[in-house]
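Here is the structure we will look at.
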Protein chains: 2
Amino acid sequence: MNERKQHVLRKAHQLFIEKGFQATSIQDILEYSGISKGTFYNYFSSKNELLIAVCKKSVADLEKMRDDLLIGQSPSDIEVFIKQIELQLKLNRKNNLITLFEELMFSDDKDMKQFFKKGQIKNIRWLYQRFIDLFGEEKKLFLLDCAIMFMGTLRDNLRYSNLAYQSNTNIAEVVRYTVNRLVKIVDEVSEANEQLIAPETLETWLPSKKPGPSFKKELHHLVASLKNSLPGTDQQESQTELLSFIEEELLDSKNPRRFLIESTMAALTSLGDPIWENNLRQLKRLIADYFIKIEEMKENG
Amino acid sequence: MNERKQHVLRKAHQLFIEKGFQATSIQDILEYSGISKGTFYNYFSSKNELLIAVCKKSVADLEKMRDDLLIGQSPSDIEVFIKQIELQLKLNRKNNLITLFEELMFSDDKDMKQFFKKGQIKNIRWLYQRFIDLFGEEKKLFLLDCAIMFMGTLRDNLRYSNLAYQSNTNIAEVVRYTVNRLVKIVDEVSEANEQLIAPETLETWLPSKKPGPSFKKELHHLVASLKNSLPGTDQQESQTELLSFIEEELLDSKNPRRFLIESTMAALTSLGDPIWENNLRQLKRLIADYFIKIEEMKENG
DNA sequence: TATAATTTTATACTCGTAGTCCAAAAAGAA
DNA sequence: TTCTTTTTGGACTACGAGTATAAAATTATA
């Protein structure tokens, strides 16, 4: 995204924070960011799209900062989790994200609603996965419910604390209180063995970026062919290992490390055998396709 | 409100349910309800005001039905509470109240926002008072927090159940699940002795409809005068009792029963004494004013 | 540097909707 | 009947989103 467009984005965001989305007219944005109408519609196809862009940017920043807090920390440390939540709330407040998001939710625009929904669900999924870190795989069955309830209570606790204490609301206190409830609820609900929504549902809400069965099949087939076409040389073992590693990294890792896979591919030597060469080319193409798809998904959803 | 105006209200509500508020134009409403523009603006000063009227009506109906469920039942019976919640959710769904309310929340219109806020808080207060019925005065300190959290979890549990199970969501199941969490949380939170927002805050959010100190003073003064001007007859005692009853009912009861007070007033006989008569007239006026004020408050807020 | 391609500007224009105004018609009441 | 109130319907205003476009400015290229 070019610098000028980003400048417009920032200026518009400022206006949205000050006046709200609806109350900000295109004209306001043009004047405030010093561009012409033509340019505006060159950058964004509509006012709604601009709002989505603003939200996307804020969310991306927020997710990055929040995930950075985990670096070098134990994922099961609840204090780290609390820090992450506090950060989110503070950024939300700063960027008026909540209000903007809510304007997304209740417009007639399909795209906006869609985007909002996806954002919510991504948030829930993040909570769910963090809860697995915090409370253990064995509680898994109940953790989607807990994520949903945590979200709801946190939002309302914060909202009404704001109402009660105005701008003096102590975010840390609200988070602490809500997290205290959470840990009890997690125990209680798994004790009672009650489930409302099965965690697998997440998959249907937000199809995973993991490759589908056809990808798995093709990958496995290619790797097997390559292994078979290896000559009985001393290279055989190392090449087999490399191939196995690539397959594993692609299938079993949550976020396959691209640089690793590509350097591993480079280590697969040329053998002169046409079958080997052909399979190798196909494997390369398959992997490239895979990463293209991943990138697309990241951008669109 | 005249019949024709109500007809417009109903028709508009139907359109709002079908297409949403924003997407329904004034023109749509005019055609669908068969009135002219002039008449419309004669009834409602704006589209927003119409929406508020629609919501007000729905909320009033809902509150009435919900409170009727308590008649002849024990307020501490949690099954009755569950029935009340289920009823609310079903009516919400039928009338698309949630969506309409949310359109209220995120408009630029001050009045709409105000109305929405008040509705939310009234709901929380109702929950809070029901929780006192259910869990006892001794838990009071924590019950506002619990009301807020209950609201949040219920809303989100329902929302995501709808997402997961489409239209097949079993409202009863969601309510049961959420109430089960509630009773545990109430115990847990009072055990831990943690409070986020003090229940007194409710008073500042939604000033009570109880009469102010000046009303109390005037009432007490009039009653005392009346008692004093009573002649020493055998009627004296019963008349004094009647007067005391009226004063108590007005001051100490949460919702003074109008019919009771009025029939009691009627039982206060005419004595011929001008001071007595004068005071009696003033008392009548005071009581009438009181009920007028109550009615006004019910309508406006 | 000259020329071609592109991006940007400024402005006029369309379109749709909320809300106002008002004179004439219709309906009700005296 | 006559006076009053309500209703009608259409013209009109205001405003904001989005389109169209020709001219100007900028950037790339030969």
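Chain letters run A, B, ... following the sequence lines, proteins first, then strands; residues in each count from 1.
- The phosphate of C/dT9 has OP1 or OP2 within less than 4.0 Å of a side-chain N or O from A/T39.
- Under 3.5 Å, the side chains of A/R155 and A/N92 contain no donor-acceptor pair of N or O atoms.
- Counting only N and O atoms by type, the side chains of A/T201 and A/T204 include no donor and acceptor under 3.5 Å apart.
- Applying the side chain to side chain contact (heavy atoms under 4.5 Å, CB included) test to B/L280 and every residue at least two apart in sequence or in another chain returns B/L226, B/L268, B/W276.
- Nucleotides of DNA chain D with any atom under 4.0 Å from a heavy atom of chain B span, from 5' to 3', D/dT7 to D/dG9.
- Partners of B/Y128 under the ring-ring contact (aromatic ring centres under 6.0 Å, His included) rule, at least two apart in sequence or in another chain, do not exist in this structure.
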Sequence-aligned protein contact record of nucleotides 11-28 of chain C, with B where the base is within under 4.0 Å of a protein heavy atom and S where only the sugar-phosphate is: -------SBB--------
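- The salt bridge (Lys or Arg N to Asp or Glu O under 4.0 Å) search around A/K110 returns none, not counting sequence neighbours.
- The list of salt bridge (charged side-chain N to carboxylate O under 4.0 Å, His left out) pairs with a residue in residues 28-54 of chain B, not counting sequence neighbours, reads B/K19-B/D28.
- Note: A/F16 and A/F21 have perpendicular aromatic rings, judged against thresholds of 30 and 60 degrees for the angle between ring planes.
- Counted by atom type alone, A/Q120 and B/R159 present zero donor-acceptor pairs between their side chains at under 3.5 Å.
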